[in-house]
2 protein chains.
Amino acid sequence: MSLDSSALFTDQYELTMLSAALADGSAHRRCSFEVFARRLPDGRRYGVVAGTPRLIAALASFRFGDAEIDVVSRFLDDATLQWLRKYRFTGEIDGYREGELYFPGSPILSVTGTFAECVVLETLILSILNHDSAIASAAARMVSAADGRPMIEMGSRRTHEESAVAAARAAYLAGFTATSNLEAVRRHGVPGAGTSAHAFTLLHTTPDGPDEAAAFRGQVAALGAGTTLLVDTYDITKGVQTAVEVAGTELGGVRIDSGDLGVLARQVRSQLDDLGATKTKIVVSGDLDEYAVAALRAEPVDVYGVGTAVVVGSGAPTAGMVYKLVEVNGIPVEKRSSLKASRGGAKRAVRFARDTGTVVEEVIYPARGPRPEQDGLEASDLLVPLVRGGEAVADADTLEESRALLAAGLVSLPWEGLKLSHGDPAVPTRFADSHATGRTL
Amino acid sequence: MSLDSSALFTDQYELTMLSAALADGSAHRRCSFEVFARRLPDGRRYGVVAGTPRLIAALASFRFGDAEIDVVSRFLDDATLQWLRKYRFTGEIDGYREGELYFPGSPILSVTGTFAECVVLETLILSILNHDSAIASAAARMVSAADGRPMIEMGSRRTHEESAVAAARAAYLAGFTATSNLEAVRRHGVPGAGTSAHAFTLLHTTPDGPDEAAAFRGQVAALGAGTTLLVDTYDITKGVQTAVEVAGTELGGVRIDSGDLGVLARQVRSQLDDLGATKTKIVVSGDLDEYAVAALRAEPVDVYGVGTAVVVGSGAPTAGMVYKLVEVNGIPVEKRSSLKASRGGAKRAVRFARDTGTVVEEVIYPARGPRPEQDGLEASDLLVPLVRGGEAVADADTLEESRALLAAGLVSLPWEGLKLSHGDPAVPTRFADSHATGRTL
């Protein structure tokens, strides 16, 4: 977190509820809240849990100092203000590991403590998980579509400046190779990438007209022949020729950012080969999404640069996770109105796989009940301890471990799971007392 | 900005371009960069400029201290690092006022200075304007659809925790009445709102079962009878009855968060009136977007709560603005490849209106050329000074002034402009030397 305190990343109603609950004594009841998504975004086959380490870090700074109290004192009574001044989360959080796949109803996070200490975390928890999971879920599909070719995330300019940092992290988690975002390099250790833009070529314009060769000479002099030259500012064929003339056949790469990328990649590959620049890579960018990436699979593209689509979740900018009170003093509770009914009681989940590693189903069961078994299938527990007694557990996953977990998870999906086309969730989820279900629970 | 320095909200390529430009001397050429959107999001009729004050504030903290230099020293030469250590933007920025409407090609921001000092700001400028403008543009449509009824922004949980703060601000700019986000209350002075959620009702569950009345008693005791009670946790009709029994006929409001909101609003209004709670307001929420808000116009709804749709831009999470080099040492420059061609030269814009106030067209003209005139139409300049000699101008708009500007701007649109249905931009933009154009330039 970049602020001293994360406590005001909170909806006002959490604090008014708190004041009412403190006043009537219900605030101290032992509660479990659960994070889950009722459904995946339209047509998606899996979701990717992301943001957990950011959440744990933000939890540590969820403190009401003078500056925060000043704001909330406008609508809260003194007893509530006193309680907030001493606020420390002292409860337990279990959750799916970052990089784990999830499906409709998966109990992604389970938060246990008093009502008071849990209810105030709702917005912070959901903001982080909904954003980061939306980006990671979209990014994972792009990585699958790229089929092993490197991908650079370059969408910072299309989203809020802080979202951009978290998006770069989530994209890397999902298998992207690098990011253009320097704050993500600093804060999260994501590898950085980037060389040049059209502005640099245009800058080399004199009263005699454009001088692409001068721009390329400047870039190669500063960054070496291994750099990537952007060849589509004026005429691509001429740009490629000029690039090889200036940099030689050891030129690292050329980037194409406009036009029919498939056709152009073939033309440019052929031209580069004819010029002897057989090792020069072709980088493509420009409004790529998972479908455009997939459509370029058969083309001589070496690296993809993806911008807008990844940072806005490619049509699904939020993961739609909710944070629901499911248990009070050991009693399961649930809302009953309309379609938003939830399922009461603290829950755990187990995923069953064949001995080939392919996942068959995910079963959600009461936390107090026995863990379900299935003959001939291997069971993996999905919830791991994240916070104990208010403190983060010591052996949290690193970003690299989460990245590896997701890569392994995608391999474990049934073969339909990686299809880009719309369809049902790749793995059915069911409650231990019910039949398997598909898209919604 | 919440960080000490905003300098790493930057794409790596801006700094590699900088190093090459410093090396070959082109870095010091006098340049103009321009922010514009080639088109509006699909079917939208106008865009709303938002984020300018956040941008100006972030510009003041765009500084490379030791921490920032440490990151960029991994790929930059010493000369560039020395230059960055001394970086201060010393140029000029003109732009559309925050709250101003924009259309395809509108020169929303014009940044002038050396190439070096301007190029490094690209990502920061675009991140802020693209995010905030996307939210304000979506929110303005919702406000129009609500036709004067108050709207509360409550979408923080569906977006990145920092985006949520900026989104609350942008929604307020667009005419929303209040936000649930407490950090937006602190940081931007947006009015706060919020009372209770389902969790509070569910909390009042005992071994004997749910006790909605106890929850309502607790809330009314703490927050007064003027509070808004959430009546749809179990059975709405029973919930309304219990609410009035507990709070009396002076109950401030009831909130319905699920089901067919139109049908339920009518039923609840009738029930409240029968119970004598004729002044009790009906607040509706639950997956509302501009279309759902409009569909409820004829229903007895008093307040709308809008969440997800507004913070994700209701289908258009980014405004698609770009930052292009348009002039070098007085020479217009433009990219020529493919469809991404831009139009060179620094530009200004003027909007023509009839004496009724209705806008007829927007004309974009060369900054060095004469301002166009049109017989019988009133002309308004659209670009105002924002930064002079690197410093923010003194008389910047307040958020309230921008809010009023937008409200007035929407009234100035031709009548088709406020339609929610897909269509062309409400106001045609044209370049002074060309014919009026519609959707794209």
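Everything numeric here is computed off the predicted structure, so don't read it as measured data. Just so we're on the same page: letters track the sequence lines, and every chain starts at 1.
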Just so I understand: if I count every heavy-atom pair under 4.5 Å between each of [options] and chain A, which residue has the most?
| options | value |
| --- | --- |
| B:E122, B:M321, B:R74, B:M154 | B:E122 |
| B:Q219, B:E327, B:R29 | B:R29 |
| B:A222, B:S127, B:A23 | B:S127 |
| B:R217, B:Q12, B:E68 | B:Q12 |

Is chain A contacted by the side chain of [X], its backbone, both, or neither, given a heavy-atom distance below 4.5 Å?
| X | answer |
| --- | --- |
| B:A168 | neither |
| B:R158 | both |
| B:P210 | neither |
| B:T206 | backbone |
| B:L203 | both |
| B:A193 | backbone |
| B:F33 | side chain |
| B:V72 | side chain |
| B:N181 | both |

Q: Indicate the ring-plane relationship of B:H160 and A:H131, choosing parallel, tilted or perpendicular according to the 30° and 60° boundaries.
A: perpendicular
Q) Rounded to the nearest 0.5 Å, how far does CD of A:E334 lie from CG of B:L202? A)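 Reported to 0.5 Å precision, the distance equals 9.0 Å.
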Q.
Between A:K335 and B:T201, do the side chains contain a donor N or O and an acceptor N or O under 3.5 Å apart?
A. no
Q: Could you tell me whether the side chains of B:S163 and A:S163 share a donor-acceptor contact shorter than 3.5 Å?
A: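 Per modelled atom types, B:S163 and A:S163 side chains form a pair under 3.5 Å.
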Q | Leading residue by heavy atom contact count with chain B [cutoff under 4.5 Å; candidates A:A166, A:S196, A:G239] | A | A:S196
Q.
Report which part of A:A221 has an atom under 4.5 Å of a heavy atom belonging to chain B: side chain, backbone, both, or neither.
A. neither
Q) Which bit of A:L223 is near chain B, if near means a heavy-atom gap under 4.5 Å: side chain, backbone, both or neither? A) side chain
(Q) If we check side-chain contact (heavy atoms from CB on, under 4.5 Å) with A:S156, which of these qualifies: B:T123, B:L124, B:L126? (A)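 Answer after filtering B:T123, B:L124, B:L126: B:T123.
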Q: Salt-bridge test for A:D11 and B:R157: reply yes if a basic N is under 4.0 Å from a carboxylate O, no otherwise.
A: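 Salt bridge: yes.
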Q: Could I get the full list of side-chain contact (heavy atoms from CB on, under 4.5 Å) partners for A:T80, not counting sequence neighbours?
A: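 By the side-chain contact (heavy atoms from CB on, under 4.5 Å) rule, A:T80 matches A:L18, A:S19, A:L22, A:L76, A:D77, A:L84.
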